[in-house]
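A short worksheet on the structure shown next.
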There are 2 protein chains.
Amino acid sequence: MRSVGPDGTVPLPASLSGEAVTQLDRSLIAELPPFQGLEPAALDHVLGEARSLRVAKDAAIFEQEEEAKNFFLLLDGHVRVVKTTPDGQQVIVRYISCGELLGIAQALGLKAYPASAIAAVDCVVLAWPGRLWSDFSTRYPSFGADTYRTVGARLQEAHTRVVEMSTEQVEQRVAHGLLRLANQTGKKTQEGVLIDFPISRQDIAEMTGTTLHTVSRLLSAWEADGLVRSGRQKVTVVEPHRLFLLAGGRARKG
Amino acid sequence: MRSVGPDGTVPLPASLSGEAVTQLDRSLIAELPPFQGLEPAALDHVLGEARSLRVAKDAAIFEQEEEAKNFFLLLDGHVRVVKTTPDGQQVIVRYISCGELLGIAQALGLKAYPASAIAAVDCVVLAWPGRLWSDFSTRYPSFGADTYRTVGARLQEAHTRVVEMSTEQVEQRVAHGLLRLANQTGKKTQEGVLIDFPISRQDIAEMTGTTLHTVSRLLSAWEADGLVRSGRQKVTVVEPHRLFLLAGGRARKG
DNA sequence: AGCGGTATTTGTCGCAGCGCAAATTAATCC
DNA sequence: GGATTAATTTGCGCTGCGACAAATACCGCT
């Protein structure tokens, strides 16, 4: 699935400015956790209800506070989920990788999206009307079970973030943040593990609760130490292990 | 007041060292969200599977990392949920009020509890074997739905905390923390809203990611301003509104 | 009442890291 | 290719608040 260049992007209703893509195939979703094990007929039913959209880099898939009309599956690309405070500060809640569900407000009993979802690169998503959520969950128990696990995992993750924010200082938090991205979406290169979507110092700052200045300083220092290698909107973790130690390295369970 | 739990229970593991209380009555749980709307027979079934325990102040209902054998309902008292870092620092994840479920690791697909639950005062809890979770959820859809909502709400709450920790400074965080407690478990007195369980400066610090010293200074200053009134393990919010303003007051949605 | 332990208060000091500002580099657009 | 814009780097001063320390208040217990 290849995304065409950024040429034909037409201005559409703000938050859903994508265009339909080609034919939907069962194989697109058959292997993804939420739909794994569903029989072909079920997959066809699910796909039949979906709209497929292309979302240009930096466009919103949905916006915070907006009525939650749909839920989504990211087929290709990377999405960042951002919360904005009343006074305009932004916090990146998490990054979504392909195969993951997003915008599942209805699963949580919300009428509006609690955050915005912004395409970090050109993306392809499937969208379903929110009312189908309960339909899917009851009709396909594995779907319900999987999303339960997803929400659980995200709750865990959020608590981990709270603990980190409470107990670690900036250097460790940034190290943790980078390692998380590297594990989650890292792509092995000969230099090390490359975070394979454009990410700015500002983004990293918004993930870790600091400023782009401090992030820049840290990356510079780490680069001098050979821990990472970074450029404009690009970070490669060269020595994950040493970075891990710096993050306050602790083996999983003592 | 020693009555035996149903189906010959074995001696409880250390962290569950409570004693069984008297007769269980349907009315105990009939009105609680997870069980609301269940018919009498169902309630009896649910209660029949439950063991009821008393937990002394400062005792653990379950401990972080421990195998998640049970899930619980808090019938009476207040519980704090605490995460401990490998180097021994503690963070209070949330307080549980009566009527709430806790220790629902199995709902999230976890084999071990991700945090410890400590009785803030003497408590009474119901305990069910973890394997009954899926049983209850499928047999009583409203139970499943309610807990979905619960988990969703907690996810929201955790994200809110992350945002606060990222964007606010200590004074605002502490103010927010107190207001949250006051709303959640506050008891109106003539002085103001009293947080009706013992809470130390240290506890507040662990909720808000600061130190007891800073919390003490803030409370002193606020007390001088007439915003709060506090003593040993006790806080009363005298002027919620002004405290709210101090917290960076913003009306819900602009 | 007196004792010992715990919670709280308050002072002083130092520094991590934020805010501000300006220079530098790297992409994009004609 | 040169101009424009966005991202990054780096210096510098300031301060919120954490670390350390010591005194005091308050509780439960014998």
Side-chain angles (χ1 to χ4, degrees), chain A residues 5-7 9 56-58 80 87-91 120-122 164-175 177-178 195 197-225 228-236 246-248, chain B residues 56-58 85 87-91 120-122 164-175 177-178 195 197-225 228-236 246-248:
Chain A
D7 43 285
T9 34
K57 179 173 184 321
D58 294 327
R80 61 171 182 273
D87 60 314
Q89 294 187 81
Q90 300 201 324
V91 174
V121 294
D122 290 350
E164 284 182 8
M165 301 280 311
S166 299
T167 63
E168 298 179 352
Q169 39 198 62
V170 171
E171 185 173 42
Q172 313 183 55
R173 296 206 306 267
V174 175
L178 283 187
I195 292 167
F197 53 85
I199 184 167
S200 69
R201 306 292 182 266
Q202 175 71 38
D203 291 332
I204 298 175
E206 288 177 6
M207 286 184 55
T208 53
T210 179
T211 63
L212 79 164
H213 307 276
T214 298
V215 172
S216 176
R217 278 180 246 272
L218 286 172
L219 288 182
S220 296
W222 291 345
E223 181 136 19
D225 253 5
V228 304
R229 177 149 281 272
S230 73
R232 196 189 178 84
Q233 313 239 68
K234 178 171 83 62
V235 179
T236 301
L246 205 155
Chain B
K57 179 173 186 320
D58 294 328
T85 63
D87 61 313
Q89 293 187 82
Q90 300 200 323
V91 175
V121 294
D122 289 351
E164 283 182 8
M165 300 281 311
S166 299
T167 62
E168 298 179 352
Q169 39 198 63
V170 171
E171 185 172 42
Q172 314 184 54
R173 296 206 304 269
V174 175
L178 283 188
I195 293 166
F197 53 84
I199 184 167
S200 68
R201 307 291 183 266
Q202 175 72 36
D203 291 332
I204 299 176
E206 289 177 7
M207 285 185 54
T208 53
T210 179
T211 63
L212 79 164
H213 306 275
T214 298
V215 171
S216 176
R217 279 181 242 272
L218 286 172
L219 288 182
S220 297
W222 291 345
E223 182 136 18
D225 253 6
V228 303
R229 178 150 281 271
S230 71
R232 196 188 176 86
Q233 314 239 68
K234 179 171 81 65
V235 179
T236 302
L246 205 156

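These numbers come from the heavy atoms of this one structure, side chains and all, not from hydrogens, waters or symmetry mates. So that the names make sense, note that chain A is the first sequence line, chain B the second, and so on, each numbered from 1.
For D:dG11, its base sits under 3.5 Å from the side chain of A:Arg217 at one donor and acceptor pair at least. A:His213 contributes no side-chain N or O that forms a donor-acceptor pair with the base of D:dT8 under 3.5 Å. In this model, no side-chain donor or acceptor of B:Arg201 finds a partner on the base of C:dT9 within 3.5 Å.
At whole-Å resolution of the value, CD in A:Glu168 and C1' in C:dG17 are 16 Å apart. Between the P atom of D:dG28 and the CG atom of B:Asp58 lies a distance of 13 Å, rounded to the nearest Å. Distance A:Leu212 CG to D:dA6 P: 15 Å, rounded to the nearest Å. Taking atom CG on B:Asp203 and atom P on C:dT6, their separation rounds to 15 Å, with Å as the unit. The CD atom of B:Glu223 sits 15 Å away from the P atom of D:dA25 (whole-angstrom rounding). A:Leu218 places its CG atom 10 Å from the C1' atom of C:dG17, with the value rounded to the nearest Å. With rounding to whole Å, A:Leu219 atom CG is found 16 Å from D:dA7 atom P. Regarding B:Glu171, its CD atom lies at a distance of 16 Å from the P atom of D:dT15, rounded to whole Å.
For the pair B:Thr211 and D:dG18, the criterion of a side-chain N or O lying under 4.0 Å from OP1 or OP2 is met. Taking only side-chain nitrogens and oxygens, B:Thr214 comes nearer than 4.0 Å to OP1 or OP2 of D:dG18. The phosphate of C:dT8 (OP1 or OP2) has no side-chain N or O of B:Ser220 nearer than 4.0 angstrom.
In summary, the side chains of B:Arg201 and B:Ser230 do present a donor paired with an acceptor at a separation below 3.5 Å, with no hydrogens or angles considered.
One distance of note links CG of A:Asp58 with CZ of A:Arg80; it measures 6.0 Å at 0.5 Å rounding. B:Trp222 contributes atom CH2, which lies 14.0 Å from atom CZ of B:Arg217 (distance to the nearest 0.5 angstrom). The CD atom of B:Glu168 sits 8.5 Å away from atom CG of A:Asp87, with the distance rounded to the nearest 0.5 Å.
Of the candidate nucleotides D:dC17, C:dT9, D:dA6, D:dA6 has the atom nearest to the side chain of A:Arg232. Comparing C:dT8, D:dG18, D:dC17 by their nearest atom to the side chain of B:Gln169 picks out D:dC17.
A:Ser216 comes within 4.0 angstrom of a base, heavy atoms only.
Counting only distance, with no hydrogens or angles, the side chain of A:Thr214 and the backbone of A:Thr210 share no donor-acceptor pair below 3.5 Å. A:Asp122 contributes a side-chain N or O that, together with a main-chain N or O of A:Lys57, makes up a donor-acceptor pair within less than 3.5 Å. Formation of a donor-acceptor pair under 3.5 Å by the A:Arg229 side chain with backbone atoms of A:Val235 is not found in this model.
Five base pairs at each end of the helix from C:dA1-D:dT30 to C:dC30-D:dG1 define two local axes, and these are offset by 50° (rounded to 10°).
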